[in-house]
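Working notes for the structure below.
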Amino acid sequence: MDFSFPAIGIVHSCFKEKFGIPRQPGLAPLARAEIELLPPYDDPDAFDGLEGTSHLWIQFVFHANKSTNKRDSWKPKVKPPRLGGNKSLGVFATRSPTRPAPIGLSVVRYEGLQQRDGKLFVAISGVDLLEGTPVLDIKPYVPYVDCVTHAHNHFAAQPPAAIAVEIPADLAAICCDYQQTTGIDLAGLITQVLQQDPRPQYQQPEPERVYGMKLLDLDVRWRYRTDCHPHRIHLSALLPGDIV
């Protein structure tokens, strides 16, 4: 049985490529995005009453998957990054984006409804959403049913340990200037994203290797300092990046 659904909106995110995006929503509270509503779903009346809601469920499509997601190509097992990328689990026991139907679900903070240039936007934060992500639906988070107090998951019982992030004085000054110009806490955002340790967990940190990701309109680059224990991330460059 096959179904087709319309995209009600498109995400405009601070994350311009897959690498570096937090593996779950809420891990980087400063990570912001907007959902641009598409006609005919760009009617403010459709959001009447949402002002009493703090968080939203966003149902979306993993549009950048390499997999074709066809029935004859799906895999019953995947290798979650949380387990180091070497241990396999059943796809339905994970939140892997490689699924029979490439549908994702994220809880994000609702930051308000905005109208600009004849378009309607839903502002959200704490996102793990890629630029250009198609949105299928938006629903309010309802704490008394959505928050299951005694729920458990053996493979993800605790949040991942945060890694320390060093921002040198010259790059901290750039972050300060960026915040004064845009209002975005760039140093805070970079710290929240990088402290999740974006590298694949099966890779050993190499001090000479430079990692990079596109964040906002910047190319963020860093190295791993292995001369201390535990190792830490050292921000090495902030360069103008191509806006996707």
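Values below: every heavy atom of this structure, side chains too, minus hydrogens, waters and symmetry copies.
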**Item:** Shared hydrophobic cluster for Val135 and Leu120 (ILVMFWY, side-chain gaps under 4.5 Å)
**Value:** yes
**Asked** Just how far is it from atom NE2 of His63 to atom CD of Glu131, taken to the nearest 0.5 Å?
**Response** 8.0 Å
**Prompt:** Which residues pass the side-chain contact (heavy atoms from CB on, under 4.5 Å) test with Ile103, sequence neighbours left out?
**Reply:** Gln59, Ala101, Leu136
**Asked** Which heavy-atom pair separates Asp146 from Pro140 by the least distance, and what is that distance?
**Response** OD2-O, 4.2 Å
**Prompt:** Looking at residues at least two apart in the chain, or sitting in another chain, which of them share a side-chain hydrogen bond (donor to acceptor under 3.5 Å, both in side chains) with His231?
**Reply:** none
**Fill in**
Here the side chain to side chain donor-acceptor pair (under 3.5 Å) pairs for residues 161-186, sequence neighbours left out, are Glu166-Arg225, Glu166-Arg232, Glu166-His234, Tyr178-Asp217
**Prompt:** Between Arg199 and Tyr211, is NZ or CZ placed under 6.0 angstrom from the six-membered ring centre and within 45° of the ring axis?
**Reply:** no
**Prompt:** Out of curiosity, Lys16 NZ to Ile21 CD1, how far, rounded to the nearest 0.5 Å?
**Reply:** 10.5 Å
Side chains of residues 39-49: which donor-acceptor pairs under 3.5 Å do they make with residues two or more places apart or in other chains?
unit_1: Asp43; atom_1: OD1; unit_2: Asp45; atom_2: N; d: 2.9

**Complete:** Taking every heavy atom of Pro198 against every heavy atom of Phe19, the minimum-distance pair comes out as O-CE1, 3.4 Å
**Message:** If the condition is side-chain contact (heavy atoms from CB on, under 4.5 Å), which residues does Thr94 pass it with, not counting sequence neighbours?
**Reply:** Val78, Pro80, Leu89, Ser96, Arg99
**Message:** Apply side chain to side chain contact (heavy atoms under 4.5 Å, CB included) to residues Leu50 and Leu113 and explain how you reach the verdict.
**Reply:** CA-CA 9 Å; Leu50 201 59; Leu113 203 63; 5.8 Å; no
**Asked** If you look at every heavy atom in Ala33 and Val11, which pair is closest and at what distance?
**Response** CB-CG1, 4.0 Å
**Prompt:** Linking I/L/V/M/F/W/Y whenever any side-chain heavy atoms sit under 4.5 Å apart, do Val210 and Trp222 land together?
**Reply:** no
**Item:** Side-chain donor/acceptor of Arg223 to backbone N/O of Glu208, under 3.5 Å
**Value:** yes
**Request:** Could you list the residues that satisfy side-chain hydrogen bond (donor to acceptor under 3.5 Å, both in side chains) with Lys139, not counting sequence neighbours?
**Result:** Asp137
**Message:** For a quick test of reading the model, state the closest non-hydrogen atom pair linking Asn65 to Pro97 and the distance between them.
**Reply:** ND2-O, 2.6 Å
**Message:** Rounded to the nearest 0.5 Å, what separates atom CG in Leu238 from atom CG in Leu218?
**Reply:** 6.0 Å
**Message:** I want to check something: taking the side chain as every heavy atom from C-beta on, are Gln192 and Leu27 in contact at a cut-off of under 4.5 Å?
**Reply:** no
**Prompt:** Would you call Lys214 and Glu17 a salt bridge, taking side-chain N to carboxylate O under 4.0 Å as the test?
**Reply:** no
**Fill in**
Interatomic distance, CD@Gln203 vs OH@Tyr224, rounded to 0.5 Å, equals 8.5 Å
**Request:** Taking ring-ring contact (aromatic ring centres under 6.0 Å, His included) as the test, write out the residues that go with Tyr141, two or more places apart.
**Result:** Trp57
**Request:** Give the other cluster members for Leu38, using side-chain heavy-atom distances under 4.5 Å between Ile, Leu, Val, Met, Phe, Trp and Tyr residues; answer none if it is isolated.
**Result:** Ile10
**Asked** How far does CG of Leu235 sit from CD1 of Ile167, to the nearest 0.5 angstrom?
**Response** 5.5 Å
**Request:** Mind checking side-chain hydrogen bond (donor to acceptor under 3.5 Å, both in side chains) for Gln24 and listing every partner two or more places apart, or none if nothing turns up?
**Result:** Arg95
Could you pull out all donor-acceptor pairs under 3.5 Å where a side-chain atom in residues 147-154 meets a protein atom, sequence neighbours excluded?
unit_1: Asn153; atom_1: OD1; unit_2: Phe155; atom_2: N; d: 3.0
unit_1: Asn153; atom_1: OD1; unit_2: Ala156; atom_2: N; d: 3.2

**Contacts of Leu215 that satisfy side-chain contact (heavy atoms from CB on, under 4.5 Å) - sequence neighbours left out** = Cys14, Phe15, Leu189, Ile190, Met213, Val220
**Message:** Please determine whether side chain to side chain contact (heavy atoms under 4.5 Å, CB included) holds for the pair Val122 and Leu56, giving the CA-CA distance in whole Å, both sets of side-chain angles, and the decisive distance to 0.1 Å.
**Reply:** CA-CA 10 Å; Val122 177; Leu56 305 173; 4.0 Å; yes
**Prompt:** So Phe60 and Phe62, would you call those rings parallel, tilted or perpendicular, with 30° and 60° as cut-offs?
**Reply:** perpendicular
**Request:** Give a yes or no on whether Leu30 and Val107 share a hydrophobic cluster (residues Ile, Leu, Val, Met, Phe, Trp, Tyr; joining criterion: side-chain heavy atoms under 4.5 Å apart).
**Result:** no
**Message:** If you compare all heavy atoms of Ile233 against all heavy atoms of Leu194, which two are closest, and at what distance to 0.1 Å?
**Reply:** CD1-O, 3.2 Å
**Asked** Looking at side-chain heavy atoms only, is the closest gap between Leu129 and Ile124 below 4.5 Å?
**Response** yes
**Check: Gln196 side chain, Pro22 main-chain N or O, donor-acceptor pair, under 3.5 Å** = no
**Asked** In this structure, are over 12 heavy atoms from other groups packed under 6.0 Å from Lys18 atom NZ?
**Response** yes
**Message:** Within this structure, what is the CD1-CD1 distance for the pair Ile35 and Ile138, rounded to the nearest 0.5 Å?
**Reply:** 4.0 Å
**Message:** Are Val91 and Thr98 packed together at the side-chain level, in the sense that at least one heavy-atom pair is separated by less than 4.5 angstrom?
**Reply:** no
**Within residues 104-117 or reaching into it, pairs that qualify as side chain to side chain donor-acceptor pair (under 3.5 Å) - sequence neighbours excluded** = Glu34-Arg116, Ser106-Asp128, Glu111-Ser125, Gln114-Arg116
